[in-house]
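One structure below.
So you know, we letter chains A, B, ... as the sequences are listed, proteins then strands, and number each from 1.
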Amino acid sequence: MNVINFINAFFSDSAHWQGYDGIPTRLWEHVQYSVEALVLAAVIGLPIGLITGHYGRGGNVLSLVATAGRALPTFGLLVVATLALGFGMLPVMIPLIVLAVPPILVTTYEAMRSVDPPPVDAARGMGMRESGILLRVELPVALPLILGGLRSAAIQIVSTATIAAYVSLGGLGRYIVDGLYQHNYEKVVGGATLVAGMALATLGLFWAASVAAVSPGVRRSN
Amino acid sequence: MNLDRFFDIPSDLQHDWFGLIVLHLREALLPVLGGLLLALPLAQLCVRLRWLYPPVLWVTTILYAIPSLAFFVVLIDYTGQTELTVMIPLTVYSLVVLVPAIVDGVRSVPQETLAAATAMGFGPVRRYVQVQLPIAVPAIIAGLRVATVSSISLVSVGMLIGNQGALGNLLHDAQIYNRPELAWNSVITSAVLAVLADAALVVLRVLLTPWMPGATRGAKSKPAGVRPESAVPALKDAAR
């Protein structure tokens with residue numbers, strides 16, 4: 001198997017484990033880009049999704065926004081942003097955020113809408129405030145689905161953050177872009193393996209988060 | 001930005017604007033079609049053999065996590081710098097989105113409906129084609145929408161492997177000729193194509209499911225607990 005040999009050669013070369021172009025450095029850069037993009041996208045998507053979902057209004061507008069966000073080509077957006085703003089972190093964050101906001105936004109909205117109405121009515125009948133209903137009744141019940149939306153956004157970010165290398169930033173994409181121009185497929189395959197591994201680690205993290213954060217009662221009913 | 005030269009496509013791309021659009025749609029939509037043709041039997045297998053579904057989901061998740069650029073570059077070794085190199089990964093991504101959509105759609109067919117079909121003398125094949133598949137159409141189209149939109153967006157990345165990105169090639173020319181308007185042209189045209197393709201699929205869904213409420217999904221008028229159709233793509237969202 002060609003690809004397996006490439007992976008072996010890449011990871012057994014000790015030069016790939018040291019220095020500014022070493023795997024630990026690139027991995028850490030990739031984690032930083034991904035976390036930054038996910039946090040920014042969540043800061044935008046979660047509150048809007050939670051509030052519109054709570055009041056059950058604006059679903060059509062949200063799905064329009066989400067469609068528009070998905071329709072924008074990530075790679076093209078990167079080039080346009082770089083041409084307009086110059087090299088730097090911002091032109092990379094813009095496409096990643098545009099990529100990640102739609103799944104977070106739409107899933108959060110749908111998760112809030114899918115909460116069983118009777119407990120919400122009961123909470124309202126007991127005199128809870130709207131903010132209390134949102135945060136202490138609906139949010140815990142909707143949490144598994146919301147985490148699912150964040151997870152799919154996170155995996156897309158991890159795999160797409162490789163484009164940062166195209167505008168001369170670091171991250172695991174360095175191996176893929178450099179390998180492409182150097183015709184060094186070992187490097188490309190090694191970089192892709194690392195990205196896929198990081199995506200799997202992300203899956204694992206979200207699984208752990210859902211075990212830790214989702215209340216046992218909600219988990220049992222799912 | 002120089003708007004006069006917005007549609008003035010450099011001759012090294014060997015296509016005018018409409019030519020690039022046709023090329024872009026071909027490179028994006030053929031993989032979705034291929035993905036659908038592969039996903040239908042695979043999904044049916046997953047419905048039939050329940051134990052098969054979780055491992056299939058795992059494999060597809062890993063495939064989906066491979067960055068498109070890396071996928072392209074690795075394939076150059078086998079298929080060269082051709083359209084095919086762009087279309088194979090897009091087929092895989094479409095497959096990954098479509099399999100769960102179809103499995104959930106087919107599984108959502110009520111047991112009574114299946115029993116009624118069996119009682120009417122439908123064999124397994126006829127039951128699948130005439131009962132299960134039509135009822136699963138909203139879920140399948142929801143998956144197709146995500147797959148189509150992300151496919152149209154991803155074709156542009158093909159630019160990096162020797163101008164195989166159709167409209168994405170404009171991004172390269174924008175840089176080497178210092179003409180930012182070409183990059184805007186690429187992004188805007190591609191986004192408009194994606195929105196139009198998405199709208200076409202919504203129309204197709206309305207045409208294929210005459211028994212369902214039309215494009216105006218009155219979420220408020222529906223009884224609680226009945227989620228609008230839009231929930232399906234959202235929960236299975238996998239565009240990138």
- request: Would you mind checking which part of A:L83 comes under 4.5 Å of any heavy atom in chain B, side chain (CB onward), backbone (N, CA, C, O), both or neither?
  value: side chain
- line: So OG of B:S153 and CZ of A:R70: to nearest 0.5 Å the spacing works out to 11.5 Å
- line: Residues of residues 16-27 of chain B with a heavy atom under 4.5 Å from any heavy atom of chain A, in residue-number order, are none
Contact class of A:L203 relative to chain B, heavy atoms under 4.5 angstrom: side chain
Portion of B:L167 that has a non-hydrogen atom of chain A nearer than 4.5 angstrom: neither
- request: Report the distance from atom OG of B:S190 to atom CZ of A:F75, rounding to the nearest 0.5 Å.
  value: 12.0 Å
- request: Check whether more than 12 heavy atoms from other residues, nucleotides or ligands sit under 6.0 Å from atom CZ of B:R179, and answer yes or no.
  value: yes
- line: Turns out that what part of A:L77 lies under 4.5 Å from chain B's heavy atoms comes down to both
B:Q14 atom CD, over 12 foreign heavy atoms within 6.0 Å: no
field: Under 4.5 Å from any heavy atom of chain A - which part of B:L171
entry: both
query: Roughly how far apart are B:S68 OG and A:I163 CD1, rounded to 0.5 Å?
result: 9.0 Å
- prompt: So A:Y166 and B:V157, side-chain contact (heavy atoms from CB on, under 4.5 Å) or not? Walk me through it.
  reply: CA-CA 11 Å; A:Y166 180 68; B:V157 183; over 6 Å; no
- line: Residues B:A191 and A:L72: closest non-hydrogen pair is CB-CD2, 4.0 Å
statement: Rounded to the nearest 0.5 Å, the OG atom of A:S159 sits from the OH atom of B:Y93 at a distance of 6.0 Å
query: Which bit of A:V79 comes within less than 4.5 Å of chain B, counting heavy atoms only: side chain, backbone, both or neither?
result: side chain
field: Part of residues 171-187 of chain A lying next to chain B, heavy-atom separation under 4.5 Å
entry: A:I176, A:V177, A:L180, A:Y181, A:Y185
- line: Among B:L193, B:D77, B:L160, the residue with the most heavy-atom pairs under 4.5 Å to chain A is B:L160
field: Note, A:V195 side chain near B:I66 side chain (heavy atom, < 4.5 Å)
entry: no
